[in-house]
Amino acid sequence: MTTAAIIVAAGRGLRAGGDLPKQWQMLAGKPVLAHTLAAFAATPGIDRLLLVIHPDDAARAAALAPLAQLVPGGASRDASVMNALLVLKGTDTTRVLIHDGARPLVTPALITRMIDALGAHPAAAPALPVTDALWRGDAGQVAGTQNRSGLFRAQTPQAFHFPAILHAHQNHPGNAADDVEVARAAGIPVTIIDGDEDNLKLTYPADFARAERIISERSMDIRLGNGFDVHAFTPGDHVWLCGVKVPHTAALLGHSDADVGMHALTDAIYGALAAGDIGQHFPPSDPQWKGAASHIFLRHAIKLAAARGFKLANADVTLICERPKIGPHALAMRQALASIMGVEVDRVSVKATTSERLGFTGREEGIAAIATATLVSL
Ligand code: MG
């Protein structure tokens with residue numbers, strides 16, 4: 001089995017605006033066609049890649065796609081596809097996928113579904129059922145409704161056994177909307193395969209904005225950080241833990257309010273940002289932070305994350321102590337931390353453990369805390 005992909009990109013369509021045909025315009029930092037080519041190049045099972053271009057674009061195409069075989073386009077889409085099919089004639093190609101260059105969000109997963117479909121069918125095409133109500137319109141008025149059952153929105157890549165689609169194109173009179181129409185005219189049954197909602201065809205300027213949003217979702221940045229803190233007990237009658245005042249037979253010693261849990265969490269967020277630690281942002285040597293409420297530190301870390309394009313996905317704080325008992329206060333602590341950070345409570349966990357009476361926490365000399373925070377790009 002040798003599978004070729006033909007990417008049709010010879011059109012001069014300027015409805016998308018700009019000076020260049022849409023397939024050469026920039027999308028998320030590179031030409032539209034670069035995205036399309038990358039998807040096919042990343043798909044196992046594509047043995048040969050043909051790029052059909054307008055002759056005027058030969059130089060930029062050669063620079064963009066050194067591994068693709070360039071084919072000059074014809075006067076119509078049919079003629080362009082035909083030129084590419086003729087290049088494949090006489091090679092060992094058994095299957096061919098034909099794709100619009102202006103669908104840059106095609107994924108290797110969809111391309112693979114189409115290759116797989118050819119194992120069982122002579123032809124297959126991706127499509128999505130129409131779910132919106134359909135109307136006919138006339139002069140800005142609704143002129144009637146249209147039954148949508150059995151209607152599909154067609155996409156590419158459309159996939160064919162090679163000899164059959166070559167023969168079908170050679171016998172078609174021309175002006176087909178797509179290769180499925182050509183195949184059906186030759187009596188080839190075409191199987192519908194689930195398409196991909198994001199596999200949009202760039203036509204208008206607004207399509208570029210939507211495509212940019214999809215690309216930025218796909219390239220979501222995820223950062224993980226950890227924090228650790230310890231504060232010693234000192235005489236007193238309460239401790240501050242994760243923003244909650246908890247009665248106790250001792251207090252925690254520290255320059256600020258010594259909220260060991262909130263400090264560990266704040267450091268976890270700084271850690272995820274690779275932005276140092278609390279001590280760097282709020283030096284203990286600076287008297288203005290003496291006795292400061294720790295929510296100032298946590299709020300600063302979250303604001304810094306937002307300024308760098310991140311939000312908190314979740315946080316998990318573990319307090320390590322024999323006493324006080326944390327369980328009765330855990331929900332209030334989660335609520336306090338969530339409120340400071342401006343996130344839902346179910347994104348924030350506070351739990352506790354003892355150290356089995358071992359070590360400084362076991363001897364009740366102080367409390368330790370560890371925290372993990374996940375940040376995701378906005
Ligand atoms: Mg501390």
Side-chain angles (χ1 to χ4, degrees), residues 223-305 310 312 314-327 329-330 332-343 347-355 358-375:
R223 305 290 181 91
L224 193 65
N226 69 68
F228 176 73
D229 196 27
V230 172
H231 282 264
F233 282 127
T234 190
D237 61 5
H238 69 273
V239 292
W240 281 96
L241 291 172
C242 297
V244 173
K245 186 177 178 180
V246 179
H248 190 45
T249 53
L252 287 172
L253 181 64
H255 194 66
S256 65
D257 62 14
D259 189 332
V260 63
M262 206 179 296
H263 293 181
L265 175 55
T266 304
D267 268 353
I269 295 167
Y270 287 136
L273 296 169
D277 55 32
I278 293 181
Q280 280 173 249
H281 294 281
F282 301 94
S285 55
D286 188 336
Q288 69 170 309
W289 308 123
K290 185 170 176 53
S294 295
H295 64 75
I296 294 170
F297 311 154
L298 182 57
R299 205 162 268 137
H300 176 267
I302 280 289
K303 280 177 85 171
L304 185 64
F310 290 93
L312 184 90
N314 81 299
D316 184 18
V317 181
T318 300
L319 299 167
I320 305 161
C321 59
E322 302 293 331
R323 292 187 309 132
K325 288 295 168 212
I326 303 302
H329 307 284
M333 293 174 178
R334 293 173 57 205
Q335 288 168 334
L337 294 176
S339 159
I340 293 164
M341 295 188 288
V343 300
R347 293 181 184 275
V348 183
S349 157
V350 175
K351 57 195 196 299
T353 185
T354 72
S355 55
L358 297 172
F360 69 88
T361 56
R363 293 188 298 270
E364 298 194 45
E365 295 168 4
I367 298 180
I370 59 172
T372 306
T374 311
L375 303 181

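Whatever order the structure lists ligands and atoms in, that order sets their numbers, starting from 1. We count residues from 1, following the sequence as given.
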- Of all residues at least two apart in sequence or in a different chain, which pass the side chain to side chain contact (heavy atoms under 4.5 Å, CB included) check with S349? D316, K351

- What lies under 2.8 Å from the Mg ion (ligand 1), restricted to protein N/O/S atoms, is D229 OD2, H231 NE2, H263 ND1

- Message: Among V244, V317, L312, exactly one meets side-chain contact (heavy atoms from CB on, under 4.5 Å) together with L337. Which residue is that?
- Response: V317

- Message: Donor-acceptor pair, distance only, cut-off 3.5 Å: does the side chain of R334 make one with the backbone of V348?
- Response: yes

- Query: Quick one: side-chain hydrogen bond (donor to acceptor under 3.5 Å, both in side chains) partners of N226, sequence neighbours excluded?
  - Reply: none

- Message: Hydrogens and angles aside, do H263 and S256 bring a side-chain donor and acceptor to less than 3.5 Å of each other?
- Response: yes

- Message: Which residues pass the ring pair (Phe, Tyr, Trp, His ring centres under 6.0 Å) test with H248, not counting sequence neighbours?
- Response: F233

